[in-house]
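Worksheet: one structure, shown below.
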Amino acid sequence: MEMARRRTTNERERENGSLVSSLHLILGEIVFLLGLMGVAVYAVINVLSPVLRNVFEVSVYQAKWALGAVIFLGLSGLFFQFGAFMKQTKRFSFTFYSFATCNAGASLLIQLVKILRSGFEWIGVEFLSDQPFAHDSIFITMGMVSLVFTSLFFLYSAIVLWKETKD
């Protein structure tokens, strides 16, 4: 009787662990794709900057800090996926979750520094310098959303990393 109860408990724990790892794979994929889309948007804006300058009379600058933030965010999603995969195979998940947390922290740090220097419209200021459109509410919203998303992902990946140290 006791053996049967232990066996069902172990099976439930294994199923829950597999479900959590699968959800981590999905979350990592979403974060990676957001980072990849951010890099793609950056590339399109840089390619179209001469057109924007001629048509809208807006100078677009290379926003290297914004590029760094999305690259670090994308890498954190990729490492988070690897950590989830390695958790299922019971190998090196701590290492990948550590890399995910560090990269998310780097992205968050870049955003916090830029917000302290330029405000929540730091993305617009990065791309457009001090042109009037740089301080538009769309850039403020983008700055807030990216800060909240990156903060939440950083906290979640840090919690997952902390739980890895407990296992």
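Since the structure is predicted, the reported quantities are computational estimates derived from the model, not experimental observations. All residue numbers refer to positions in the sequence shown, counting from 1.
Atom OG1 of Thr101 sits about 11.5 Å away from atom OH of Tyr156, to the nearest 0.5 Å. With rounding to the nearest 0.5 Å, the separation of CG in Leu75 from CG in Leu36 is 10.5 Å. Separation of atoms CG (Leu128) and CD1 (Ile123) is listed at 11.0 Å; rounding is to 0.5 Å. Going from atom CZ of Phe96 over to atom CZ of Arg91 covers 9.5 Å, rounded to the nearest 0.5 Å. Leu33 contributes atom CG, which lies 10.5 Å from atom CG of Leu78 (distance to the nearest 0.5 angstrom). Once rounded to the nearest 0.5 Å, the distance linking CH2 of Trp162 with CG of Leu155 reads 13.5 Å.
Grouping Ile, Leu, Val, Met, Phe, Trp and Tyr residues whose side-chain heavy atoms lie under 4.5 Å apart, directly or via other members, places Leu109 in a hydrophobic cluster with Val113.
Under the 4.5 Å side-chain contact rule for hydrophobic residues, Phe94 and Phe82 do not share a cluster. Under a hydrophobic-cluster definition in which Ile, Leu, Val, Met, Phe, Trp and Tyr are linked whenever side-chain heavy atoms come within less than 4.5 Å, directly or via other members, Phe154 and Leu116 are assigned to different clusters.
Residues His24 and Phe80 are in side-chain contact: their nearest non-hydrogen atoms beyond the backbone lie under 4.5 Å apart.
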Verdict with reasoning, Leu27 to Leu23, per side-chain contact (heavy atoms from CB on, under 4.5 Å): CA-CA 6 Å; Leu27 177 62; Leu23 292 175; over 6 Å; no
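Evaluation of the ring pair (Phe, Tyr, Trp, His ring centres under 6.0 Å) rule for Phe120 yields no partner, not counting sequence neighbours. Annotation: side chain to side chain donor-acceptor pair (under 3.5 Å) contacts of Gln131 (sequence neighbours excluded): none. Listed by chain and number, the residues in a ring pair (Phe, Tyr, Trp, His ring centres under 6.0 Å) with Phe99 are Phe79 (sequence neighbours excluded). Legend: residues meeting side chain to side chain donor-acceptor pair (under 3.5 Å) with Glu164, ordered by chain and number and at least two apart, are Lys87, Ser93. Shown here are the salt bridge (Lys or Arg N to Asp or Glu O under 4.0 Å) partners of Glu126, two or more places apart in sequence or in another chain: Lys114. Not counting sequence neighbours, Ser118 has no partner by the side chain to side chain donor-acceptor pair (under 3.5 Å) test.
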Under 3.5 Å donor-acceptor pairs involving side-chain atoms of residues 59-73, not counting sequence neighbours:
none

Could you go through residues 37-49 and list every donor-acceptor pair under 3.5 Å that involves a side-chain atom there, pairing it with any protein atom two or more places apart or in another chain?
unit_1 : atom_1 : unit_2 : atom_2 : d
Tyr42  : OH     : Asn46  : ND2    : 3.2
Ser49  : OG     : Asn46  : O      : 3.0

Show me the donor-acceptor pairs, under 3.5 Å and distance only, between side chains in residues 138-148 and residues at least two apart or in other chains.
unit_1 : atom_1 : unit_2 : atom_2 : d
Thr141 : OG1    : Ser137 : O      : 2.9
Ser146 : OG     : Gln111 : OE1    : 3.4
Ser146 : OG     : Met142 : O      : 3.1
Ser146 : OG     : Gly143 : O      : 3.1

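Scanning all heavy atoms of the two residues, the minimum distance from Ser76 to Ala100 falls at CB-O, 3.2 Å. Closest approach of Gly124 and Ala134 over heavy atoms only: O-CB, 3.4 Å. The two atoms that bring Thr150 and Ser107 nearest to each other are CG2-OG, 3.8 Å, heavy atoms only.
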